[in-house]
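For reference, the structure is listed below as structure tokens.
Side-chain atoms are counted along with the backbone in the values below, which use heavy atoms only and exclude waters and symmetry mates.
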Amino acid sequence: MKVLIVGAGAVGRSVARELAHSASDVTIIDQMPAAMKVSSVAEADWILGDACELPTLERAGADSADVLVAATGDDKANLVVSLLAKTEFGIPRTVARINNPLNEWLFDDTWGVDVAVSTPRMMTALVEDAMADGELVDVMTFQLSGATLLQATLPDDAPVVGMSIAEIVLPPTIVINAIIRDGVPFTPEGDLTVDGGDQLLFLAAKDSHHDIDDIRPLFKSVPEDDEGAEERSHLDS
């Protein structure tokens, strides 16, 4: 697999190192001479030039590349490079880094972006994950399908605790993908009982926001006043 990485900063070099270890043919492009830290990824080919210009991409072999990663710290450059990769060279897959969350709406197939990676959004998801107590947290969205991966770590008093997977009724747009218990992943078989502390992973179809909101209460702690109302309802009956 031939990969072009535009941007030789910390992000670009890290991606290049990982891909070089997996026997990919990696080329790194940057227009700044100070960024040419060739020894940091000695397995890669390095090209000094502006990837927003066609001759530079041609020199890097864009016409035979399988993937282009636009990893600069400039959103405008990442968009232009992605668009050139698609329209001028027909590179099958483009991955573009989003630096400013306000620009996220631009990073789609209109600009030639197949997969958009937002570091701020990823960090937000990790923080929400660390603080979550039964909250459904968006982990990531798959660019092509629009499907969303979500997770919830169950408190002991969540309504679904003690239920089997088969007893948990979800909308058809959402499925339980896996259950992680004590660090071990389990396939969500119908007879598997859900315990407090379990981490549930969900896959939700595109545009299923209302369905997601509808099921949120199933995985959260039951408020004390709701418990009292349930007890009173039971006594009245």
Side-chain angles (χ1 to χ4, degrees), residues 1-126 138-149 206-207:
M1 180 174 67
K2 183 171 183 176
V3 182
L4 302 185
I5 298 176
V6 179
V11 173
R13 294 198 308 273
S14 295
V15 173
R17 274 193 294 269
E18 293 296 326
L19 292 175
H21 291 160
S22 64
S24 295
D25 179 0
V26 178
T27 299
I28 304 172
I29 309 169
D30 202 292
Q31 63 179 335
M32 302 295 293
M36 295 288 105
K37 301 178 180 179
V38 177
S39 61
S40 64
V41 193
E43 305 91 338
D45 294 325
W46 289 72
I47 291 182
L48 178 63
D50 185 354
C52 292
E53 298 179 353
L54 292 178
T56 301
L57 291 174
E58 290 171 353
R59 189 153 49 99
D63 55 347
S64 60
D66 300 296
V67 181
L68 178 136
V69 180
T72 79
D74 184 339
D75 285 346
K76 296 188 295 297
N78 291 341
L79 288 171
V80 170
V81 168
S82 298
L83 185 61
L84 291 176
K86 281 292 184 185
T87 59
E88 299 296 328
F89 298 97
I91 295 178
R93 297 286 286 172
T94 58
V95 180
R97 172 187 176 188
I98 304 173
N99 297 279
N100 186 343
L102 295 178
N103 296 329
E104 189 169 334
W105 65 278
L106 288 166
F107 284 72
D108 58 19
D109 56 1
T110 303
W111 279 93
V113 177
D114 292 318
V115 179
V117 180
S118 172
T119 301
R121 179 177 289 277
M122 291 174 65
M123 291 185 68
T124 299
L126 291 172
D138 290 8
V139 177
M140 65 177 294
T141 298
F142 298 95
Q143 194 74 13
L144 291 182
S145 66
T148 301
L149 181 68
K206 182 180 180 180
D207 298 328

Discussion item. I need the T94 OG1 to L84 CG distance, nearest 0.5 Å.
Written reply: 11.5 Å
Discussion item. So, taking the atom named CG in L19 and the one named CD in E43, what distance separates them when rounded to the nearest 0.5 Å?
Written reply: 11.0 Å
Response to the item:
Taken to the nearest 0.5 Å, the spacing of N78 CG from N99 CG works out to 6.0 Å
Worksheet item: Taking atom CG of L4 and atom CG of L57, what is their separation to the nearest 0.5 Å?
Response: 7.0 Å
Worksheet item: Are K86 and D109 within salt-bridge range, i.e. N to O under 4.0 Å?
Response: no
Worksheet item: Counting only N and O atoms by type, is there a donor-acceptor contact under 3.5 Å from the side chain of T56 to the main-chain atoms of G49?
Response: no
Practice prompt. Specify the closest pair of heavy atoms between I5 and V26, including all atoms of both residues, with the distance to one decimal.
Written response: CD1-CG1, 3.8 Å
Response to the item:
Minimal heavy-atom distance between R59 and L48, with the atoms involved, is NH2-O, 3.1 Å
Discussion item. For a quick test of reading the model, state the closest non-hydrogen atom pair linking G7 to I28 and the distance between them.
Written reply: O-CG2, 4.4 Å
Fill in: Approximate separation, where rounding is to 0.5 Å, of D30 CG and W46 CH2
8.0 Å
Fill in: CA sep, side-chain torsions, deciding dist, call: N103, D75, side chain to side chain donor-acceptor pair (under 3.5 Å)
CA-CA 8 Å; N103 296 329; D75 285 346; 2.8 Å; yes
Item to complete: Give, for atom CE of M32 and atom OG1 of T72, the distance between the pair rounded to the nearest 0.5 Å.
Response: 12.0 Å
Worksheet entry | Whether R97 side chain and V69 backbone form a donor-acceptor pair below 3.5 Å | no
